[in-house]
Enquirer: 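Take this structure, written in structure tokens, and hold onto it; I'll ask about it next.
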Amino acid sequence: MWAQLIEMQLKPGSDTDEMIELIRAAEQSGSGLVRTIFMRDQADPNRAITLVVFESEQAARAREQDPRRGERLAAARAVMAEIVDGAPGFTDLVVVDEWTEATA
């Protein structure tokens, strides 16, 4: 598995619900996406962090280049331009292990 950590600084008072809804609607079955977790920093609510987990980096990069997904993300990008202050930061990660309470 492979993951990407995305960090964004939001403009004060920004509501992320519409952006999340639009991004979720743009997802397509079979893209290699395993899980997306969108979080806000408890100490700094203007800091948003998203963890996106994929089957592989190759699947993630193919998804990134898919023109159908790009078209569907246009509305989400417009909302992001309004609520995000500056460019997001991206950290690429290799998943070494994963567990949940049920598999620990």
Enquirer: Could you tell me the separation between the CZ atom of Arg61 and the CD atom of Glu57, rounded to the nearest 0.5 Å?
Expert: 4.5 Å
Enquirer: Taking the side chain as everything from C-beta on, heavy atoms only, tell me whether Asp92 gets closer than 4.5 Å to Trp2.
Expert: yes
Enquirer: Rounded to the nearest 0.5 Å, how far apart are CH2 of Trp99 and CD of Glu101?
Expert: 13.0 Å
Enquirer: Would a 4.5 Å heavy-atom cut-off, applied to side chains only, mark Asp15 and Ile83 as touching?
Expert: no
Enquirer: Quick check on Glu64: does its CD atom have over 12 non-hydrogen neighbours (other residues, nucleotides or ligands) under 6.0 Å away?
Expert: yes
Enquirer: Looking at Arg69, Arg68, Arg63, which hits side-chain hydrogen bond (donor to acceptor under 3.5 Å, both in side chains) with Asp66?
Expert: Arg68
Enquirer: Side-chain heavy atoms nearer than 4.5 Å, only ILVMFWY residues, links allowed to pass through others: does that put Ile20 and Ile37 together?
Expert: no
Enquirer: Is there a side-chain contact between Asp44 and Gln9 (heavy atoms, below 4.5 Å)?
Expert: yes
Enquirer: Can you confirm whether Leu5 sits close enough to Thr50 that some side-chain heavy atom of one is under 4.5 Å from a side-chain heavy atom of the other?
Expert: no
Enquirer: Give the minimum heavy-atom separation between Leu51 and Ala3, together with the two atoms involved.
Expert: CD1-CB, 4.0 Å
Enquirer: Below 4.5 Å, heavy atoms only, C-beta onward: do Arg47 and Met8 meet side chain to side chain?
Expert: no
Enquirer: Looking only at heavy atoms, what is the nearest atom pair of Ala48 and Leu10, with distance?
Expert: CB-CD1, 4.0 Å
Enquirer: Heavy atoms, side chains only, cut-off 4.5 Å: are Met19 and Val79 in contact?
Expert: yes
Enquirer: For the side chain to side chain contact (heavy atoms under 4.5 Å, CB included) test, which of Val94, Val53, Leu93 pairs with Met1?
Expert: Val53
Enquirer: Does the side chain of Leu22 come within less than 4.5 Å of Leu73's, by heavy atoms?
Expert: no
Enquirer: Could you tell me whether Arg35 atom CZ has more than 12 heavy atoms of other residues or ligands within 6.0 Å of it?
Expert: no
Enquirer: Write down the atom of Ala59, the atom of Gly32, and the distance for their closest heavy-atom approach.
Expert: CB-CA, 4.0 Å
Enquirer: Rounded at 0.5 Å granularity, tell me how far CZ in Arg77 sits from CD1 in Ile23.
Expert: 9.0 Å
Enquirer: Going by heavy atoms in the side chains, are Ile6 and Ile49 under 4.5 Å from each other?
Expert: no
Enquirer: Might you confirm whether atom CD of Glu27 has over 12 heavy atoms from other residues, nucleotides or ligands at distances under 6.0 Å?
Expert: yes
